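Taking it in order: structure first as structure tokens, then the write-up.
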Amino acid sequence: MSEEIISPENAETSGNFIHTFIEEDIAPGGRYEGKKVHTRFPPEPNGYLHIGHAKAICVDFGTAERFNGLCNLRMDDTNPTKEDVEFVDAIKEDIQWLGFSWDDRFYYASDYFPKMYELAEDLIQRGLAYVCELQPAQMREYRGDLTHPAKSPYRDRPVEESLDLFHRMKAGEFEDGRMTLRAKIDLASGNFNMRDPVIYRINHIPHHRTGNTWCIYPMYDFAQPIEDAIEGITHSLCTLEFEAHRPLYDWVIEHVNLPAKPRQIEFARLGINNTVMSKRKLRTLVENNYVSGWDDPRMPTLCGLRRRGYTPASIRNFCERIGVAKVNSTVDYAFLEHCLREDLNANARRAMAVLDPVKLVLTNYPEDKTETFDVENNPEKPEVGTRPVSFSRELWIEREDFMEVPAKKYFRLFPGNEVRLKTAYIVKCTGCEKDENGNVTTVYAEYDPQSRGGNAPDGRKVKSTIHWVDAKTAVNAEVRLYDSLFTVPDPEAGDYIDELNPDSLKVLKNSKVEPWLAEAGKNESFQFLRQGYFCADNRDSSPEHPVFNRSVSLKDSFKKK
RNA sequence: UGCGGAAUUGUGUAAAGGUAGCACAACAGACUCUGACUCUGUAUGUGAGGGUUCGAAUCCUUCUUCCGCAACCA
């Protein structure tokens with residue numbers, strides 16, 4: 001598939017408000033005049049990346065790329081409760097798969113723990129932070145509300161006392177939750193984040209990297225600006241829900257002794273209809289076996305989309321084209337599918353595969369004869385050549401390509417009608433055979449030997465071309481058809497579990513495919529003629545019985561009529 | 001009710017006082033050895049009211065609606 005990098009020159013969107021801000025910042029007289037733009041993508045390693053993260057990745061790495069700057073990858077591992085190395089590796093793999101590179105700029109927030117501790121001490125010494133002994137429930141009680149300021153009884157604790165307690169917190173003298181370190185800011189602020197926020201908490205849990213070295217951990221609001229400043233980040237791009245945290249971000253930048261002054265800019269996170277994007281909800285789906293795993297092809301995770309047949313280029317293109325703004329919005333799933341179709345249509349190899357097979361017998365074709373046709377691999381791309389496909393008296397065709405009594409406007413196979421077998425011959429239907437239940441078991445036709453290659457010498461036109469697989473050489477395959485996981489446009493609105501689509505997966509175990517498809521590479525996508533795009537799935541298939549996941553179906557204008 | 005954001009066709013996104021454009025979706029037609037693709041065309045939009053201006057999506061003003069925030073999560 002195409003791995004072409006989408007550069008600003010060939011991107012459809014001209015720019016966004018973030019670009020405008022940055023342009024101002026680096027312009028003469030701007031805040032970062034003459035500085036290289038430096039961004040970062042800071043995932044918490046507590047789960048798998050999904051399409052929503054892909055947008056953030058494209059914004060972070062893409063913005064840096066646009067300004068010829070740099071983008072760091074940083075694991076924001078400040079809360080050991082939920083984090084694990086498993087996720088670190090998966091995250092790196094997914095970002096690489098998308099085609100972004102952080103070179104040697106891979107960091108862990110946990111590497112800055114000593115520095116952060118030092119900076120916290122310094123804050124205490126300058127009377128800007130204090131140790132608080134309010135218990136969580138009390139803290140809530142004392143926080144005040146919309147119109148009443150918070151109360152904080154430990155706020156005026158002497159510096160030496162706070163320092164001593166903070167040291168003892170670090171030394172492990174206190175159990176979890178016993179005390180916290182709080183920044184002394186403004187108890188009456190309308191912004192709750194400024195009402196003396198907790199910046200360090202006690203947590204006696206081994207950290208996936210630092211082990212038991214620490215039992216106190218910095219909070220996001222304290223850690224993030226420090227991490228950014230240490231790494232020389234100029235623009236800290238994050239999602240809208242952190243907008244109310246920006247004053248605190250700036251407070252830390254202002255009051256902590258740091259080597260740089262990054263600027264936080266927020267943008268809207270991605271929403272897609274008929275999908276849930278919350279990590280917690282995705283986790284529930286996995287843990288309760290509603291799906292086969294994080295990489296279930298129905299999942300919006302990057303590993304799921306990959307198994308589904310999504311290409312990196314299609315996802316990047318999607319992220320590029322949905323734009324970046326400050327309005328919360330919900331993009332149509334159809335647009336994601338469109339981006340995939342666009343890429344696959346241009347680049348995927350074509351193959352003939354019969355999903356729901358019925359036998360077609362050419363009564364006037366010699367029983368022992370086999371011939372070979374060279375079939376184009378991609379009509380949009382002649383340079384990828386052709387492949388040999390065998391043809392003989394008995395073929396598999398799609399059950400839906402025959403109707404004993406044709407519907408109106410149906411122009412495939414029915415008694416008396418002619419169709420073209422892709423690249424091979426024009427055949428005329430003569431009848432069919434049915435079992436006791438009335439199901440068609442065999443379709444009969446006569447081929448026109450004069451039409452070899454698919455065109456009749458008399459120039460007569462046939463209205464339809466159907467695909468086929470030689471019964472002599474066909475390989476049996478399993479084909480999985482996926483539909484939306486949810487039945488409603490906005491599963492986030494209700495109890496999303498109640499909205500699961502029971503028909504989101506349909507398995508066809510009897511499909512017939514061209515034999516070479518048995519060796520298809522993992523995650524390679526093909527277009528099965530008139531059936532849609534399919535991705536070879538090696539995860540649970542063998543060459544004798546390959547498995548294909550449908551990436552996305554073709555638009556079918558016949559069905560609409 | 002406090003603070004902070006945001007409102008452009010069904011959806012997403014452009015237009016830094018000067019033709020409201022693009023993409024997806026929808027519909028109609030043409031083409032076709034994939035009823036796909038491609039191509040052509042159609043319909044639908046500046047949340048509301050006032051103001052400034054020759055001219056307003058854009059500036060001012062009042063209102064309305066929506067989103068986020070009161071974790072020792074990020």
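Reminder, nothing fancy here: chain letters follow the sequence lines and each chain counts from 1. Quantities reported herein were computed from a predicted structural model and do not represent experimental measurements.
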Open item on the list: So if I apply the side chain to side chain contact (heavy atoms under 4.5 Å, CB included) rule between Leu181(A) and each of Leu123(A), Ile124(A), Val198(A), which one comes out positive?
Closed with: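 Passing option: Ile124(A).
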- [ ] Fill in the dot-bracket string of RNA chain B, one character per base: . for unpaired, | for a pair to another strand, ( ) or [ ] for pairs within the strand, taking Watson-Crick or G-U pairs under 3.5 Å.
- [x] .((((((..((((....[..)))).(((((.......)))))....(((((..]....))))))))))).....
Using a 4.0 Å heavy-atom cut-off across all strands, classify [X] as base, sugar-phosphate, or nothing.
X         : value
Thr20(A)  : base
Asn455(A) : base
Leu134(A) : base
Val324(A) : sugar-phosphate
Gln224(A) : nothing

Open item on the list: Is there a side-chain contact between Ser189(A) and the phosphate of rG2(B), meaning an N or O under 4.0 Å from OP1 or OP2?
Closed with: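 Indeed not, no polar side-chain atom of Ser189(A) lies that close.
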Task: Ring-face cation contact, Phe335(A) with Arg321(A), 6.0 Å cut, 45° max - done: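 Cation-pi check for Arg321(A) and Phe335(A): fails.
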Task: Quiz item: cation-pi between Arg412(A) and Phe558(A), 6.0 Å / 45° - done: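 Yes - Arg412(A) lies over the ring of Phe558(A), closer than 6.0 Å to its centre and within 45° of its axis.
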Measure [atom1]/[X] against [atom2]/[N] and give the value in whole Å, please.
X         : N       : atom1 : atom2 : answer
His204(A) : rC72(B) : NE2   : P     : 17 Å
Arg246(A) : rG5(B)  : CZ    : C1'   : 9 Å
Lys461(A) : rC31(B) : NZ    : P     : 11 Å
Asp490(A) : rU11(B) : CG    : C1'   : 14 Å
Lys326(A) : rG5(B)  : NZ    : P     : 7 Å

Between the protein and nucleotides 36-39 of chain B, which nitrogen or oxygen pairs are less than 3.5 angstrom apart?
{"from": "rA36(B)", "atom 1": "OP1", "to": "Ser557(A)", "atom 2": "OG", "distance (Å)": "2.8"}
{"from": "rC37(B)", "atom 1": "O2'", "to": "Asn345(A)", "atom 2": "ND2", "distance (Å)": "2.7"}

Task: Side-chain donor/acceptor of Arg412(A) to base of rG35(B), under 3.5 Å - done: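 Such a pair is found, so the answer is yes.
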Task: Verdict with supporting geometry, Tyr425(A) and Phe391(A), ring pair (Phe, Tyr, Trp, His ring centres under 6.0 Å) - done: CA-CA 10 Å; Tyr425(A) 290 104; Phe391(A) 179 95; 5.4 Å; yes
Can we say [X] and [Y] salt-bridge, meaning some charged N sits less than 4.0 Å from an Asp/Glu carboxylate O?
X         : Y         : value
Glu241(A) : Arg269(A) : yes
Lys422(A) : Glu376(A) : yes
Arg460(A) : Glu418(A) : yes
Glu133(A) : Arg157(A) : yes

Task: Interatomic distance at C1', rA25(B) relative to rU44(B), whole Å - done: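 Per the computed distance, 12 Å lies between those C1' atoms.
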- [ ] Sugar-phosphate atoms are those with a prime plus P, OP1 and OP2; base atoms are the rest. Using that split, label each nucleotide of nucleotides 65-71 of chain B B, S or - for protein heavy atoms under 4.0 Å, 5' to 3'.
- [x] --SS-BS
Open item on the list: Assess the residue pair Tyr200(A) and Tyr217(A) against the criterion (ring pair (Phe, Tyr, Trp, His ring centres under 6.0 Å)); give the C-alpha distance rounded to whole Å, side-chain angles, the decisive distance to 0.1 Å, and a yes or no.
Closed with: CA-CA 6 Å; Tyr200(A) 259 95; Tyr217(A) 294 93; 8.5 Å; no
